[in-house]
S.K.: 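Sharing a structure with you now.
Residue numbers begin at 1 in each chain, while the letters A, B, ... track the order of the sequences.
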4 protein chains.
Amino acid sequence: MNLSSRRTRKRKDEILKSAMRIINTRGYEAATMEEIAAELLMTKGSLYYYFKNKQDLMYQCHHLVLSEAVKELEEHLEKDQSVTETLKNMVDTHIYFAVEEKETYNLLIRPDQAYDKEHLQSTLDLRKYYASLFDKLIERGIASGEFSIKEPVIARMFILGSMNWIQQWFYPDNRLTREQLQQLFYEYILTLLRGSE
Amino acid sequence: MNLSSRRTRKRKDEILKSAMRIINTRGYEAATMEEIAAELLMTKGSLYYYFKNKQDLMYQCHHLVLSEAVKELEEHLEKDQSVTETLKNMVDTHIYFAVEEKETYNLLIRPDQAYDKEHLQSTLDLRKYYASLFDKLIERGIASGEFSIKEPVIARMFILGSMNWIQQWFYPDNRLTREQLQQLFYEYILTLLRGSE
Amino acid sequence: MNLSSRRTRKRKDEILKSAMRIINTRGYEAATMEEIAAELLMTKGSLYYYFKNKQDLMYQCHHLVLSEAVKELEEHLEKDQSVTETLKNMVDTHIYFAVEEKETYNLLIRPDQAYDKEHLQSTLDLRKYYASLFDKLIERGIASGEFSIKEPVIARMFILGSMNWIQQWFYPDNRLTREQLQQLFYEYILTLLRGSE
Amino acid sequence: MNLSSRRTRKRKDEILKSAMRIINTRGYEAATMEEIAAELLMTKGSLYYYFKNKQDLMYQCHHLVLSEAVKELEEHLEKDQSVTETLKNMVDTHIYFAVEEKETYNLLIRPDQAYDKEHLQSTLDLRKYYASLFDKLIERGIASGEFSIKEPVIARMFILGSMNWIQQWFYPDNRLTREQLQQLFYEYILTLLRGSE
DNA sequence: TATGAATGAGTGTTCATTCAT
DNA sequence: CATGAATGAACACTCATTCAT
């Protein structure tokens with residue numbers, strides 16, 4: 001990769017960061033190209049040098065965050081740790097992204113309305129893969145006898161849902177820090193997966 | 001209440017029903033006054049006779065559904081049943097609304113952006129009250145020794161989140177009916193609330 | 001047709017007239033919705049109450065003029081006149097429209113770029129029908145022995161082309177009025193169609 | 001002329017050729033600097049080293065083609081041939097350019113909108129000169145008694161118009177090749193110019 | 001009550017043009 | 001010479017909102 005394309009890459013990333021800030025503040029549809037540009041002291045038109053259109057920009061934001069999260073989860077799964085330790089790490093990661101990246105992360109409520117067919121498929125695929133990483137962990141726990149849960153896939157939906165919803169209500173303060181929240185959710189999930197008896 | 005105002009009330013309700021259908025199909029921001037009116041064979045302008053503006057219409061939709069759900073929950077709590085039976089009923093109700101009313105119900109992601117101060121406060125208050133009904137049940141379970149859960153309020157967030165998220169992924173089919181889903185979620189929640197030991 | 005829809009129809013026609021003026025001055029692509037609206041002391045947005053989009057407005061302009069011309073030609077053909085008299089009338093009509101309606105008429109150079117599939121087909125069909133009216137006349141002349149021309153369809157192209165081009169160069173003044181032009185062109189065309197011997 | 005300016009000249013010509021291709025495909029207004037540059041594996045900005053602006057580039061395209069056609073016509077006129085032979089040659093040339101160069105050639109419908117005063121005057125002058133070459137031929141025919149036509153200048157307009165319009169409808173195929181078209185048009189024009197008696 | 005009509009602020013997008021490097 | 005990057009004016013189109021009738 002040459003110098004120029006590296007610079008372009010860097011600028012693109014700056015724009016993505018800026019866009020994410022706006023998206024996480026205003027929401028997907030309310031985020032305007034104008035505002036995103038303004039944050040970077042650019043003009044609307046300049047964005048179109050880097051991104052084909054708004055949808056493209058949005059998609060790349062979404063994809064970037066999701067990819068980073070996926071990478072972290074994969075690393076946790078590959079490490080040689082106990083199932084519970086891995087669970088703690090994965091819960092930490094998921095909650096971290098849910099809290100820090102809010103909208104950009106995972107709460108794009110209507111990808112079918114925001115994206116065209118191609119972008120949509122790619123997004124759904126990545127989400128599915130993301131979810132499958134949690135399935136893998138749960139299966140591992142079941143295999144080792146540590147977990148005992150009915151309908152593990154639905155349970156995974158249950159668990160991810162509870163974590164995704166965090167963005168709706170959680171604002172870190174001294175009464176409840178993110179770390180405490182992560183610990184609590186880990187314990188709830190563990191209780192759930194271990195089963196009642 | 002005289003005849004004329006009773007007619008107005010009826011018409012208002014029709015509009016609300018129509019608006020809900022649109023909102024649940026298109027989403028909050030994508031729902032246009034035009035489309036809502038069209039469903040009723042009215043014209044855009046006429047809506048403004050009944051509702052001050054779009055925000056007002058949206059708010060009343062939201063409020064109506066939430067109020068109905070609240071009423072059901074209150075009835076479950078008042079009935080003379082065991083804690084677990086009450087839990088099952090409340091879970092059923094919540095999931096029912098989450099699935100059937102989707103967007104109108106509870107997934108207005110950014111009430112702070114959609115509503116002005118007055119409407120916002122009222123909405124947040126109602127939500128808080130709604131949540132408190134679940135808290136009440138949990139406390140009852142703890143008092144009776146049936147439940148054992150750390151930080152019950154956070155746990156309630158956990159539980160409601162997992163149910164709210166259902167709308168994001170669940171489409172009823174023969175592999176998983178709403179009834180089965182309600183049963184499974186009830187069991188998960190029970191496991192969680194009973195605690196591990 | 002009720003009063004209201006008659007009023008709408010009238011307003012639509014006013015807009016079409018205004019649009020034609022702009023189109024005939026500025027050209028198809030250079031004509032902006034803004035300018036068309038301004039001429040009517042309306043705002044851009046209002047145009048969209050009457051027409052789906054710019055393409056729709058343009059198409060209806062085009063279609064209106066073409067239809068009027070077609071009607072006139074049909075009338076000429078139906079009248080009980082000699083072939084040469086009919087020819088004179090048809091030439092008069094064609095040149096009249098070409099001069100007075102310029103762009104709107106027939107010089108939409110790239111209908112394939114301006115229109116979507118549906119509008120395009122309809123336009124091409126109408127043009128084809130328009131041309132066929134001249135073919136009909138020529139055939140009549142050939143049948144009666146008054147005309148003698150090789151490849152009559154190509155000859156019709158030749159003739160219509162020469163008339164269409166008039167808009168490119170003709171501005172009526174005292175050296176050459178439209179009536180004189182119509183007479184001259186009629187004679188040229190007659191000479192051509194009668195053949196050399 | 002030094003080496004450097006010769007190179008510039010060559011590059012300029014390449015750009016003109018490329019631009020013509022685009023213009024003849026997309027049309028005058030739809031042709032973008034971006035696309036023209038892309039065909040040459042250049043960037044938009046570079047075009048401005050060779051041409052002052054888009055108008056300048058367009059003008060030079062137009063001028064180049066027109067000049068080439070003028071040169072050919074002049075050669076035909078200078079050759080020692082019969083009037084009819086010269087006519088055939090000139091018709092061949094005109095139709096050749098009309099078909100092959102389409103838009104670039106002669107169908108720049110609104111030079112007054114595309115060009116500023118200077119470029120416009122120059123364009124109109126060249127066109128006038130171009131037309132005068134046909135006038136010269138017609139006069140020659142009249143002088144020799146071979147042609148008999150009323151208002152020869154208007155007739156020349158008639159003839160050129162019919163040929164210019166060819167681009168609007170003609171796509172060469174086996175039912176009608178360009179050569180056949182050229183022959184037919186020559187015969188039509190000859191018939192016309194010879195007059196009826 | 002209801003509507004037809006109009007408005008105007010906003011939004012995404014395009015594209016010729018400029019200029020430092 | 002060439003380019004990457006940025007600009008800004010223009011444009012089509014949307015939609016909540018208003019108001020006379």
S.K.: Quick one: R9(A) CZ to dA5(F) P, roughly how many Å, whole number?
M.R.: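 It works out to 12 Å between those atoms.
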
S.K.: Whether the side chain of K44(C) and the base of dG8(E) hold a donor-acceptor pair under 3.5 Å is what I'd like checked.
M.R.: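 Answer is no: no donor-acceptor pair is held.
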
S.K.: Among the candidates dA6(E), dA6(F), dT14(E), find the nucleotide nearest to the side-chain atoms of Y48(A).
M.R.: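 For the Y48(A) side chain, the nearest candidate turns out to be dT14(E).
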
S.K.: With nearest nucleotides of DNA chain F determined for Y49(D) and G45(B) from heavy-atom distances, which residue corresponds to the more 5′ nucleotide?
M.R.: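 Counting from the 5' end, the first nearest nucleotide belongs to Y49(D).
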
S.K.: Check the distance between dT1(E)'s C1' and F51(B)'s CZ and give it to me in whole angstrom.
M.R.: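 Result: 15 Å.
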
S.K.: Starting at the 5' end of DNA chain E, which residue's closest nucleotide do you reach first, L47(C) or Q55(D)?
M.R.: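 Nearer the 5' end of the strand: L47(C).
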
S.K.: So do Y115(D) and Q121(D) actually touch side chain to side chain, heavy atoms under 4.5 Å?
M.R.: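 Not touching, per the 4.5 Å side-chain cut-off.
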
S.K.: Expressed as a whole number of angstroms, how long is the span from E34(A):CD to dT13(E):P?
M.R.: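 To the nearest whole Å, that distance equals 13 Å.
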
S.K.: Does A30(B) reach a base, just sugar-phosphate, or nothing at all? Heavy atoms under 4.0 Å.
M.R.: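 The answer is nothing, as A30(B) stays clear of every strand by at least 4.0 Å.
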
S.K.: Using Watson-Crick or G-U wobble geometry with both distances under 3.5 Å, which nucleotide pairs with dA20(F)?
M.R.: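 Pair assignment: dA20(F) / dT3(E).
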
S.K.: Would you tell me if any nitrogen or oxygen in the side chain of Y50(A) comes within less than 4.0 Å of OP1 or OP2 on dA6(F)?
M.R.: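 Yes, within the criterion.
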
S.K.: Reckon R7(C) has a side-chain N or O less than 4.0 Å from the OP1 or OP2 of dA5(E)?
M.R.: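 False: R7(C) side-chain N/O out of range (4.0 Å or more) of dA5(E) OP1/OP2.
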
S.K.: Check this for me, if you would: do E14(A) and R11(A) make a salt bridge, where the nitrogen-to-carboxylate-oxygen distance has to be below 4.0 angstrom?
M.R.: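 Result for this pair is yes, salt bridge flagged.
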
S.K.: Report the distance from atom NZ of K10(D) to atom CD1 of I15(D), rounding to the nearest 0.5 Å.
M.R.: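 Here the rounded value is 12.5 Å.
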
S.K.: Atom CD1 of I36(C) and atom P of dA6(E): how far apart are they, to the nearest Å?
M.R.: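 Going from CD1 in I36(C) over to P in dA6(E) covers 16 Å.
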
S.K.: If I take atom CD in residue E29(C) and atom P in nucleotide dT14(E), what distance separates them, rounded to the nearest angstrom?
M.R.: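 Distance, rounded to whole Å: 17 Å.
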
S.K.: So, is T8(C) close to the dA5(E) phosphate, meaning a side-chain N or O under 4.0 Å from OP1 or OP2?
M.R.: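 Affirmative; the distance criterion is met.
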
S.K.: With the side chain of M42(D) defined as its heavy atoms from C-beta on, choose the nearest nucleotide among dA6(F), dT3(F), dG12(E).
M.R.: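 In terms of side-chain proximity for M42(D), the closest of dA6(F), dT3(F), dG12(E) is dT3(F).
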
S.K.: Could you state the CZ-C1' distance from R11(A) to dA5(F), rounded to the nearest angstrom?
M.R.: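 Those two atoms, CZ and C1', are 9 Å apart.
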
S.K.: Could you tell me the separation between the OH atom of Y28(B) and the C1' atom of dC15(F), rounded to a whole number of Å?
M.R.: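 Taking atom C1' of dC15(F) as the reference, OH of Y28(B) is at 18 Å.
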
S.K.: If dC15(F) has a Watson-Crick or G-U wobble mate with both distances under 3.5 Å, name it; if not, just say none.
M.R.: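 Checking every strand shown, dC15(F) finds its partner in dG8(E), with both distances under 3.5 Å.
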
S.K.: Which is true for A31(D) with a 4.0 Å heavy-atom rule: it touches a base, it touches only sugar-phosphate, or it touches nothing?
M.R.: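 The residue A31(D) makes sugar-phosphate contact but no base contact.
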
S.K.: Which whole-number value in Å describes the distance from N53(A) CG to dC13(F) P?
M.R.: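 Taking atom P of dC13(F) as the reference, CG of N53(A) is at 17 Å.
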
S.K.: Angle between ring planes, Y59(B) versus H63(B), binned at 30° and 60°: parallel, tilted or perpendicular?
M.R.: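 The arrangement is tilted - the two ring planes meet at 30° to 60°.
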
S.K.: Does dT14(E) have OP1 or OP2 under 4.0 Å away from a side-chain N or O of T32(D)?
M.R.: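 Checking dT14(E) against T32(D), no side-chain N or O comes under 4.0 Å of OP1 or OP2.
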
S.K.: Please determine whether a side-chain nitrogen or oxygen atom of S46(A) lies at a distance below 4.0 Å from atom OP1 or OP2 of dT7(F).
M.R.: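 So the side-chain polar atoms of S46(A) do come within 4.0 Å of the phosphate oxygens OP1 or OP2 of dT7(F), strictly under.
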
S.K.: Does the side chain of D56(C) come within less than 4.5 Å of H119(C)'s, by heavy atoms?
M.R.: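 A side-chain contact under 4.5 Å exists here.
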
S.K.: Both K54(D) and K52(A) contact DNA chain E. Taking the nearest nucleotide for each, which residue is further toward the 5' end?
M.R.: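 Final value for this comparison: K52(A).
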
S.K.: State, without any angle test, whether S46(C) and T43(C) hold a side-chain donor-acceptor pair at a distance under 3.5 Å.
M.R.: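 S46(C) vs T43(C): donor-acceptor pair found between side chains.
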
